Number of protein chains: 2
Amino acid sequence: MSDRRLTIEDIAKLSGVSRGTVSRVLNGNSNVKTETKEKVLKVIRRTGYSPQVYARRTAGAKSYTISIVLPMIGTDFYARLIKGIEEKLHAEWHIPALFPILSRERLVWLMKPDVPVYDYDGIILCSLVPERLFPAGYFLSDKPVLLVDGFSPSYDSIYVDNFLGGYLAGNHLVKYDGPQFIILMKEEKRGPFIEVFTDRLSGFTRAVTEKGGSLPQDHIFRHDLSMSAGSLALRDIVQKHGLPVNIFATCDLYALGIIEEANRLGLRIRKDIRLVGFDDHEWTGELGITTIHQPIEEMGRTAAELMLKRLQGDKSAVRNICFKPELVIRDSA
Amino acid sequence: MSDRRLTIEDIAKLSGVSRGTVSRVLNGNSNVKTETKEKVLKVIRRTGYSPQVYARRTAGAKSYTISIVLPMIGTDFYARLIKGIEEKLHAEWHIPALFPILSRERLVWLMKPDVPVYDYDGIILCSLVPERLFPAGYFLSDKPVLLVDGFSPSYDSIYVDNFLGGYLAGNHLVKYDGPQFIILMKEEKRGPFIEVFTDRLSGFTRAVTEKGGSLPQDHIFRHDLSMSAGSLALRDIVQKHGLPVNIFATCDLYALGIIEEANRLGLRIRKDIRLVGFDDHEWTGELGITTIHQPIEEMGRTAAELMLKRLQGDKSAVRNICFKPELVIRDSA
DNA sequence: CTGAAAGCGCTTACAG
DNA sequence: CTGAAAGCGCTTACAG
């Protein structure tokens with residue numbers, strides 16, 4: 001046997017039919033006599049032949065695959081989002097291919113049109129803003145493009161009202177005495193990624209000031225996205241400002257770090273430290289963290305459903321779907 | 001302008017050259033007169049033309065993309081592994097496309113040959129065992145296939161000695177008085193995924209029994225992969241067995257849950273509970289968790305390097321590269 | 001340096 | 001039901 005990969009032509013010869021017939025049994029739709037079909041199938045099984053996916057697509061077949069571009073993997077947020085997307089896609093026999101933007105260079109790579117991201121039936125961009133991503137202001141694709149955890153008037157967008165989320169947190173924390181603090185992720189201003197943390201800060205600030213409070217610059221802690229960032233921030237806060245304090249941890253991971261550090265410092269959650277997180281990840285229940293719920297899986301499912309509709313040819317106006325976050329009160333505040 | 005996507009033919013006509021010449025400037029390798037090149041480039045820019053990736057590949061181009069099949073996203077382990085892979089791939093202008101196996105159905109999907117996973121230049125399988133995955137016992141691909149966090153004599157494999165990891169943990173914990181416990185993930189026996197936790201259990205058991213100790217069935221806790229599993233297990237252990245206890249948390253996430261629960265129960269780590277984790281994730285340092293270090297990023301980098309070599313035509317014998325885990329002693333034991 | 005042509009591995013009307 | 005043929009959008013020797 002030669003080393004080269006088998007082609008449809010080989011299978012045709014081997015089973016004594018034409019290339020077209022092999023293609024028909026491969027695709028299973030059109031009418032092929034059972035007998036012929038069996039004959040071809042037998043050869044396929046015996047030889048282990050498999051068609052080249054890209055050749056099929058060159059010839060006009062669908063890929064049944066959706067590109068998902070996302071800033072990272074490894075966080076609960078994206079794991080839940082992808083889970084929601086996968087769930088719905090799967091039901092319609094589509095599947096996601098993930099392209100994480102793990103480095104700055106990958107961002108310029110994304111702007112090249114001849115990259116496999118654009119190779120599939122549709123594209124879901126997570127937490128990205130096309131207007132800022134592309135110099136021309138628009139996205140390089142003739143396929144349906146949809147935004148999750150991101151907003152643009154020009155694209156289907158599924159997102160959550162982060163300002164409101166911050167506001168709800170603030171509105172709850174101001175009921176306690178003591179100063180207000182916030183810890184959030186450093187975000188590039190008007191960079192390619194959506195600035196959800198900045199929105200949460202804005203909403204929080206609004207709530208605090210509305211009640212006559214204030215949020216001085218040194219009550220705002222910006223860090224990278226990690227548990228230890230929460231620990232660090234708490235240490236700083238307690239050292240400089242004493243107790244009690246109220247802290248809005250703009251993601252649950254920070255809240256976790258804060259609780260850890262509080263334990264080490266022997267501080268009491270709720271007494272010394274009032275804490276509100278963000279995301280309502282599964283483990284926050286057990287830890288008694290009061291948090292802002294955002295329907296992450298549902299956003300994913302909604303996005304996938306809309307994408308599927310677009311793929312079926314739905315040409316209706318751009319949809320912007322905004323979910324409302326909710327305060328989930330538990331022990332920590 | 002018509003609605004259909006521009007083709008290379010359109011660009012050729014528009015710039016008054018042949019299709020071949022457009023292709024040459026697109027690929028940038030062969031000699032094209034600067035003048036001609038500029039002319040074509042201008043048309044490309046003006047029209048926003050981009051070539052179809054799959055058509056290029058049908059005609060023989062490489063994809064510069066590697067499929068990564070992995071059981072989940074959202075854990076530190078896979079985030080670090082992918083980071084390592086991406087790093088090296090990126091240096092050689094290749095990129096990873098991620099295909100998480102989020103459901104059982106996706107596993108049977110994976111066995112279909114006409115699926116985009118097999119569409120790229122190479123395939124890296126994470127934590128999967130081809131012999132068990134495929135009925136025929138071998139993998140359906142004519143491209144290079146490589147295993148990370150998995151082992152097979154028939155495929156390039158990059159993995160860590162999990163038995164040794166468990167042994168090191170046991171060897172350290174037996175120095176303390178009190179009974180030994182282990183918490184690990186439920187794994188399907190001889191399922192498609194590699195059973196790393198079972199290996200860690202075996203190593204641990206060996207160390208414990210070697211020193212004359214024992215590990216009764218009710219000292220073994222099997223759960224899903226979550227922080228709260230650690231909490232649950234600790235509650236059970238303390239309730240039934242009193243203090244002090246020694247616990248091998250076969251992943252750091254369990255250790256985190258244990259520390260959380262210990263705090264809530266008012267138990268002292270190291271005094272009441274001696275704890276060894278697994279993975280040495282970044283945040284374990286801050287928490288003072290004694291843990292088993294495995295070089296996750298390095299495994300990723302090594303895998304990517306080897307894959308790149310295979311793509312360059314390296315036909316040398318199958319490589320099995322086994323990394324040794326190390327005990328990192330901190331406060332928790 | 002560049003055009004005309006053959007070829008990549010498929011699919012899908014079009015006939016019969 | 002099935003073969004022969006045209007076509008998908010590219011690339012790449014082959015000439016000149």
Side-chain angles (χ1 to χ4, degrees), chain A residues 2 4-41 43-44 47-64 112-116 118-121 142-143, chain B residues 2 4-41 43-44 47-64 112-116 118-121 142-143:
Chain A
S2 110
R4 85 179 160 72
R5 180 165 176 160
L6 288 169
T7 71
I8 197 171
E9 191 64 51
D10 298 317
I11 304 304
K13 276 203 193 103
L14 250 29
S15 32
V17 300
S18 76
R19 217 187 315 149
T21 300
V22 177
S23 178
R24 283 181 205 105
V25 346
L26 242 26
N27 291 297
N29 19 335
S30 36
N31 301 333
V32 182
K33 216 200 317 183
T34 321
E35 206 175 314
T36 325
K37 188 193 278 184
E38 279 313 323
K39 193 169 56 180
V40 174
L41 244 25
V43 175
I44 290 179
T47 56
Y49 164 74
S50 65
Q52 306 266 27
V53 183
Y54 43 80
R56 302 183 98 165
R57 277 198 289 137
T58 302
K62 281 188 63 178
S63 73
Y64 293 95
K112 292 177 52 185
D114 58 342
V115 115
Y118 306 108
D119 217 11
Y120 294 125
D121 300 348
D142 54 334
K143 322 271 176 65
Chain B
S2 111
R4 88 181 159 70
R5 179 165 176 161
L6 289 169
T7 70
I8 197 171
E9 192 65 51
D10 297 317
I11 304 304
K13 276 203 193 103
L14 249 29
S15 31
V17 300
S18 76
R19 216 187 315 148
T21 300
V22 176
S23 177
R24 282 180 205 106
V25 347
L26 241 28
N27 292 297
N29 19 332
S30 36
N31 301 334
V32 181
K33 215 199 319 178
T34 321
E35 206 175 315
T36 325
K37 189 194 276 183
E38 279 313 322
K39 192 169 59 179
V40 173
L41 244 25
V43 174
I44 289 179
T47 56
Y49 163 75
S50 66
Q52 305 265 27
V53 184
Y54 43 81
R56 302 183 97 165
R57 278 201 284 139
T58 302
K62 280 188 63 178
S63 72
Y64 293 95
K112 293 177 51 185
D114 57 342
V115 116
Y118 306 108
D119 217 11
Y120 294 126
D121 299 348
D142 54 335
K143 321 271 176 69

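It should be emphasised that the depicted structure is a prediction, and the values quoted were computed from it without experimental measurement. Chain letters run A, B, ... following the sequence lines, proteins first, then strands; residues in each count from 1.
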For this session: Could you work out which one of dG9(C), dC10(D), dT2(C) sits closest to the side chain of V32(B)?
Result: dT2(C)
Exercise. Do Y49(B) and I8(B) have side-chain heavy atoms sitting under 4.5 Å apart?
Worked result: yes
Exercise. Nearest to the side chain of Q52(A) - dC10(C), dC8(C), dC1(D)?
Worked result: dC10(C)
Exercise. Whole-Å distance between dT11(C) P and Y54(A) OH?
Worked result: 13 Å
Problem set entry | For the student: nearest non-hydrogen atoms of A12(B) and S18(B), plus distance | CB-C, 3.8 Å
Exercise. More 5' along DNA chain C: T34(B) or G60(B), using each one's nearest nucleotide?
Worked result: T34(B)
For this session: Taking only heavy atoms on the protein side, list every residue of residues 19-27 of chain A lying under 4.0 Å from any atom of DNA chain D, sorted numerically.
Result: R19(A), T21(A), R24(A)
Seminar exercise, completed: Closest to the side chain of Y49(B), out of dC10(C), dC1(C), dC10(D), is dC10(D)
Exercise. Heavy atoms, side chains only, cut-off 4.5 Å: are I11(A) and L26(A) in contact?
Worked result: no
Seminar exercise, completed: Pairs under 3.5 Å (Watson-Crick or G-U), crossing ones as [ ], inter-strand ones as |: DNA chain C comes out as |||.||||||||.|||
Exercise. A55(A) side chain: which of dC10(C), dC1(D), dC10(D) is closest?
Worked result: dC10(C)
For this session: Answer whether the closest heavy-atom distance between the side chains of T34(A) and K37(A) falls below 4.5 Å.
Result: no
Exercise. Is T58(A) reaching over with its side chain to a backbone N or O of Y54(A), donor-acceptor style, under 3.5 angstrom?
Worked result: yes
Exercise. Between K62(A) (NZ) and dT12(C) (P), how many Å, whole number?
Worked result: 13 Å
Seminar exercise, completed: Looking only at dT11(D), dC8(D), dG9(D), the nucleotide nearest the R56(B) side chain is dT11(D)
For this session: Taking atom types as modelled, find out whether S50(B) and R5(B) have a side-chain donor-acceptor pair closer than 3.5 angstrom.
Result: yes
Seminar exercise, completed: So CZ of R19(A) and NZ of K13(A): to nearest 0.5 Å the spacing works out to 9.5 Å
Problem set entry | Separation between CG of L14(B) and OG1 of T47(B), rounded to the nearest 0.5 Å | 7.0 Å
Exercise. K33(B) has an atom NZ; how far is it from atom P of dT2(C), in whole Å?
Worked result: 5 Å
Exercise. Counting only N and O atoms by type, is there a donor-acceptor contact under 3.5 Å from the side chain of S15(B) to the main-chain atoms of V17(B)?
Worked result: no
Exercise. Which residues in residues 7-18 of chain A have at least one heavy atom lying under 4.0 Å from any atom of DNA chain C?
Worked result: T7(A), I8(A)
Problem set entry | CZ on R57(B) to OH on Y64(B), rounded to 0.5 Å | 12.0 Å
Exercise. Atom CZ of R24(A) and atom OG1 of T36(A): how far apart are they, to the nearest 0.5 Å?
Worked result: 10.5 Å
Exercise. Taking atom C1' of dT2(C) as reference, at what distance in whole Å does atom NZ of K37(B) sit?
Worked result: 14 Å
Problem set entry | Side-chain donor/acceptor of K62(B) to backbone N/O of D121(B), under 3.5 Å | no
Exercise. Once you round it to whole Å, what is the distance between P of dG9(C) and CG of D119(B)?
Worked result: 14 Å
Problem set entry | Nearest-Å distance for atom pair CZ/C1', residues R5(B) and dC8(D) | 13 Å
Problem set entry | For atom NZ of K39(B) and atom P of dC1(C), their distance in whole Å | 14 Å
